[in-house]
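Data first, discussion second: the structure below is written as structure tokens.
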Amino acid sequence: MQGNGFKLGVIAAFLALTLYYLYPTVIWNLEQRQMSTFSEEERTQYEVDNAEKLSNLKENILSLGLDLQGGMHVTLEVGTPQLILELAGSNRDSELDEVVQLAQDVADANDTDFIDEMLLEFERRDANARLSRYYRSESQDITRRSTNEEIVAYLKTQRDEALNRAIEIIRTRVDRFGVTEPSIVKQGQSRIIVELPGVDDEERVRNLLKGTARLEFRTGADAQDFSNFRNRAIEYYNVEADTSDSLNLSGPSNTLLERMSFVQTQSPYVFGYAMAEDTAAIMDLLSTPDIVRLLPRNTEVLWGSRSIGFEGGVEQFALYGVRDNAELTGEVIEEASIQFDPTTNVPEVSMGMNSEGARVWSRITGANIGKPIAIVLDGYVVSYPNVSTKITGGNSSITGLENVAEAEDLVNILLSGALPAPLRIMEERTVGATLGESSIQAGLRSVLFGLSIVALFMIVYYRTGGGVADLALLLNIIFILGILAGFKATLTLPGMAGIVLTIGMAVDANVLIFDRIREEQRGGKTMKAAIASGYSNAMSAIVDANVTTGFVALILMSFGVGPIKGFAVTLLAGIACSLFSAIVITRVVIDYLTRTNADAVNFG
């Protein structure tokens, strides 16, 4: 054992460190097993009494991936066409709308770059046309003299920045949501892959991810002008009955009145009310050129985000008249928190503005006393309160929320910031907890089966040496799990496949060493000399094999995503551990066994 003191110290320290990192995982699973025997009330009380302890354990456990514990996999795409149109601002026209729509159709059909397709379509219409008529940016040096190529480069830069900003905002929202070890990665030029282990409220996650959080404060439409517009729009759709047919006894019909309802006491700022299934058709009716010409200047109609209950249990949505320009946006919001109405105990979101926002808010509320101000979120009116007095503190609130969870999500979105462009869900997969549990069991069985077969073969073929290799193999698996826990990596199903592969690779090094020892023994060397020569001469082959595999794992880890990256991380950890266990641990154990009797070890 002379000369092995340092090696023993390293082994003991490495083992102690991995057990330290695995300790929370072991205790967490024991706690979960204990709580599974409790009743629902006992479990809830236990979680309350031990909240801090359980929280600390959960933060440090070896996290399981989406495929092992269930959850959601969502592919999001940044709405580049909408971003491009918004960047045009007031220079946007109908021709740009047509070009963008055609470019989007071609890009989707051919899986090509949307911005490149937009340039091709633009130049196809007029080879001398310049995109600079739509886009300006002093900070990016984009002027009316900029070439189409410079404009395209500018638009691609804006798209990349929007994508990176969207990833940051989504990560902030997910972290506030409380998901453990989420995976949020960029894919291609405009897509984001989001994996949320352990999530089961699908609709809530969808709203959390794709909500742009464009918060706007708008003043209401002019009451008299808007009331006149409503009456004229209703008159426009009046259709007199055909009196030439004596059998037709019906009165006049009205397409708009058939889908909408009106209340005598309704606000002059409300156009009418409609069922959810009729809202889209009504907007089509109000979007015809003739009706748009009737609409008061700088005014538009927006649906309320929440239905209103009427007699008989009927739920309908209000259609509000608001100004088309925002007086304030969500950028002025510095604070947002949940408050409860003291009389109804209904949750609402209280917001605080910065100094500039408070100044503008004071001016707006002071100029609109007795009139409504619309709080608009993502194109829907979430609140339409009347101003009773001038508000000087920069405070406002959003009411009409259904529950605390909705209020929490709204606070999350407001504090995280608005997305730079809309997101649409391109793909969505949900892995149930039961399927995840089945995956865990299948993965454990594969690891145990592979370990048993390899261990049995090593003992049968290499006798004592095989037993030593099996001990190192067991420690190797503990080391891998400890490294994953220490670096807060996530164990996935492909990661378990990587562990199974590592089992074979770990004994491969011992096979090379033990066979070399047997060759040295056949050459007439003593056991101790054969052991020394076996480890020395097999070293180059072992290092070469593991280093080349390690390079492949590094490449997969650098460029792969999802399952591929999970496999690569586990494989890389396994390679490092297998080298350590095969070269260092087995040598120390064999030296210990042969310290007094060289024949105590048999290599078959």
Side-chain angles (χ1 to χ4, degrees), residues 74-173 184-194 209-214 326 329-331 378 416-427 555 558-562:
V74 183
T75 302
L76 300 166
E77 184 173 65
V78 174
T80 307
Q82 294 91 326
L83 176 66
I84 297 302
L85 291 173
E86 288 183 7
L87 288 172
S90 59
N91 296 323
R92 174 180 173 181
D93 58 20
S94 58
E95 183 181 2
L96 181 62
D97 289 345
E98 292 177 10
V99 169
V100 166
Q101 185 59 56
L102 288 171
Q104 183 178 7
D105 294 341
V106 174
D108 290 343
N110 301 329
D111 195 23
T112 51
D113 187 276
F114 161 76
I115 296 178
D116 291 338
E117 293 294 345
M118 187 184 81
L119 176 62
L120 290 174
E121 175 61 26
F122 192 74
E123 293 181 340
R124 184 188 66 78
R125 296 182 172 216
D126 184 355
N128 298 318
R130 300 172 73 91
L131 283 169
S132 58
R133 66 192 257 201
Y134 296 114
Y135 300 101
R136 300 281 194 280
S137 175
E138 293 183 6
S139 62
Q140 301 295 322
D141 197 26
I142 298 298
T143 67
R144 63 185 180 86
R145 295 185 179 86
S146 299
T147 65
N148 286 349
E149 288 70 23
E150 290 173 336
I151 299 294
V152 166
Y154 161 72
L155 294 178
K156 288 184 176 180
T157 300
Q158 294 300 307
R159 178 186 61 191
D160 294 342
E161 290 178 356
L163 181 63
N164 292 332
R165 175 64 178 150
I167 291 174
E168 292 177 7
I169 291 172
I170 288 173
R171 181 170 284 112
T172 302
R173 291 182 183 182
I184 304 170
V185 296
K186 179 166 62 175
Q187 183 185 58
Q189 298 171 329
S190 59
R191 292 193 175 183
I192 305 169
I193 306 296
V194 181
L209 293 179
K210 67 180 183 180
T212 54
R214 292 176 181 270
T329 67
E331 294 178 357
D378 292 343
S416 301
L419 289 169
L423 294 177
R424 59 172 175 164
I425 296 177
M426 304 300 296
E427 180 189 3
I555 293 171
S558 300
F559 298 101
V561 295

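Just so it is clear, the structure is predicted and the values come from calculations on it, not from any experiment.
- Salt bridge absent: Arg171 and Glu168 never bring a charged side-chain N and a carboxylate O closer than 4.0 Å.
- Two residues are said to be in side-chain contact when any heavy atoms from C-beta on lie closer than 4.5 Å; Val100 and Phe114 meet this criterion.
- The distance from the CD1 atom of Ile167 to the CZ atom of Arg165 is 12.0 Å, given to the nearest 0.5 Å.
- Of all heavy-atom pairs spanning Leu163 and Gly188, the tightest one is CD2-O, 4.3 Å.
- Side-chain contact between Lys186 and Asn164 is present, with at least one heavy-atom pair separated by less than 4.5 Å.
- Note on residues 86-96: pairs passing salt bridge (charged side-chain N to carboxylate O under 4.0 Å, His left out), not counting sequence neighbours, are Glu86-Arg214, Arg92-Asp97, Asp93-Arg133, Glu95-Arg133.
- Contact check for Val106 versus Leu120: no side-chain heavy atoms found under the 4.5 Å cut-off.
- Atom CZ in Arg424 sits 11.0 Å away from atom CG in Leu76 (nearest 0.5 Å).
- For the pair Glu150/Leu131, no side-chain contact is recorded, criterion being any heavy-atom separation below 4.5 Å from C-beta on.
- Atom CD of Gln101 sits about 13.5 Å away from atom CE of Met118, to the nearest 0.5 Å.
- Between atom CG of residue Leu85 and atom OH of residue Tyr134 there is a gap of 10.5 Å, rounded to the nearest 0.5 Å.
- Taking both residues in full, the closest heavy atoms of Arg130 and Arg145 are given as NH2-O, 2.8 Å, listed atom of the first, atom of the second, then distance.
- In this structure, Asp126 places its CG atom where more than 12 heavy-atom neighbours from other residues, nucleotides or ligands lie under 6.0 Å away.
- When all heavy atoms are compared, the tightest approach of Ala129 to Asn148 is O-ND2, 3.1 Å.
- Taken from CG in Leu87 to OH in Tyr154, the straight-line distance is 5.0 Å, to the nearest 0.5 Å.
- Every salt bridge (Lys or Arg N to Asp or Glu O under 4.0 Å) that Glu121 has, sequence neighbours left out, goes to Arg124, Arg125.
- Between Glu161 and Gln158 there is a side-chain heavy-atom pair separated by less than 4.5 Å.
- With a 4.5 Å cut-off on side-chain heavy atoms, Ile192 and Thr75 do not count as touching.
- Nearest heavy-atom pair, Leu83 versus Arg159, reported as atom, atom and distance to 0.1 Å: CD2-CA, 3.9 Å.
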- Query: Going through the checks in order, is the side chain to side chain contact (heavy atoms under 4.5 Å, CB included) test met by Ile115 and Gln189?
  - Reply: CA-CA 11 Å; Ile115 296 178; Gln189 298 171 329; over 6 Å; no
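- Note that CG of Leu155 and OH of Tyr135 are 5.5 Å apart. Values are rounded to the nearest 0.5 Å.
- Closest approach of Ser146 and Ile151 over heavy atoms only: CB-CD1, 3.9 Å.
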- Query: Given Thr80 and Gln104, is the side chain to side chain contact (heavy atoms under 4.5 Å, CB included) satisfied, shown in steps?
  - Reply: CA-CA 9 Å; Thr80 307; Gln104 183 178 7; over 6 Å; no
